[in-house]
Amino acid sequence: MVTAAYANGRLEAVLPEETRVPAVIAVAQQALEDRGYTITKRRVTTDAGQVRGDPPSRPDIADWVPTDPPSPITVICKQARGSGHLVQIKVGGGTRETVARSLLDDMLRRLAM
């Protein structure tokens, strides 16, 4: 089981050591693209990676809150202190925690966790 903590527009979770960074970044990219985000940045090595998606110009009404419009999402994966890999999902502030948790759930499903 993977647990996550959210604070200041960032959701953080530690994945098992055997999880590979390129796989995490690949599923993050797939999940963002499935939500209509445009990938504007992608960097990955065996040790660290990052993918950034800009929101669609016309967001799905189910994901859009008028007082908190969609913002770019950045997913970072790197070696955690101790063991495992730290995943950070940066979504900005406001009421975006549910967006970050939904994205993490989708990523974990794709990683078969």
side-chain contact (heavy atoms from CB on, under 4.5 Å) for V75 and L103? Distances and angles first, verdict last. CA-CA 10 Å; V75 179; L103 181 63; 3.9 Å; yes

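- We find the CD-CD distance between Q88 and Q50 to be 9.5 Å, quoted to the nearest 0.5 Å.
- Taking hydrophobic clusters as Ile, Leu, Val, Met, Phe, Trp and Tyr residues chained together by side-chain heavy-atom distances below 4.5 Å, I39 shares a cluster with I73.
- With hydrophobic clusters built from ILVMFWY side chains whose heavy atoms lie under 4.5 angstrom apart, V27 does not share a cluster with I76.
- The line from CD of Q29 to CZ of R42 is 5.0 Å long, rounded to the nearest 0.5 Å.
- When atom types are taken as modelled, the side chain of Q79 and the backbone of G84 share a donor-acceptor pair closer than 3.5 angstrom.
- Considering CG of L11 and CZ of R96, their distance stands at 13.0 Å, rounded to 0.5 Å.
- When atom types are taken as modelled, the side chain of T74 and the backbone of R52 share no donor-acceptor pair closer than 3.5 angstrom.
- L111 places a side-chain heavy atom less than 4.5 Å from the side chain of L15.
- At a threshold of 4.5 Å between non-hydrogen side-chain atoms, the residues K78 and H85 do not count as touching.
- Atom CE of residue M113 and atom OG1 of residue T19 lie 3.0 Å apart, to the nearest 0.5 angstrom.
- Checking V87, V44, T46 one by one against V21, the side-chain contact (heavy atoms from CB on, under 4.5 Å) holds for a single residue, V44.
- Nearest heavy-atom pair, V14 versus S83, reported as atom, atom and distance to 0.1 Å: CG1-O, 3.8 Å.
- In the hydrophobic cluster analysis, where Ile, Leu, Val, Met, Phe, Trp and Tyr join through side-chain heavy atoms closer than 4.5 angstrom, Y6 is grouped together with V2.
- Taking both residues in full, the closest heavy atoms of I25 and G49 are given as CD1-C, 3.5 Å, listed atom of the first, atom of the second, then distance.
- Within the 3.5 Å criterion, the main-chain N or O of V99 finds no donor-acceptor partner in the side chain of S102.
- For the pair D105 and R109, the salt-bridge criterion is not met [side-chain N within less than 4.0 Å of a carboxylate O].
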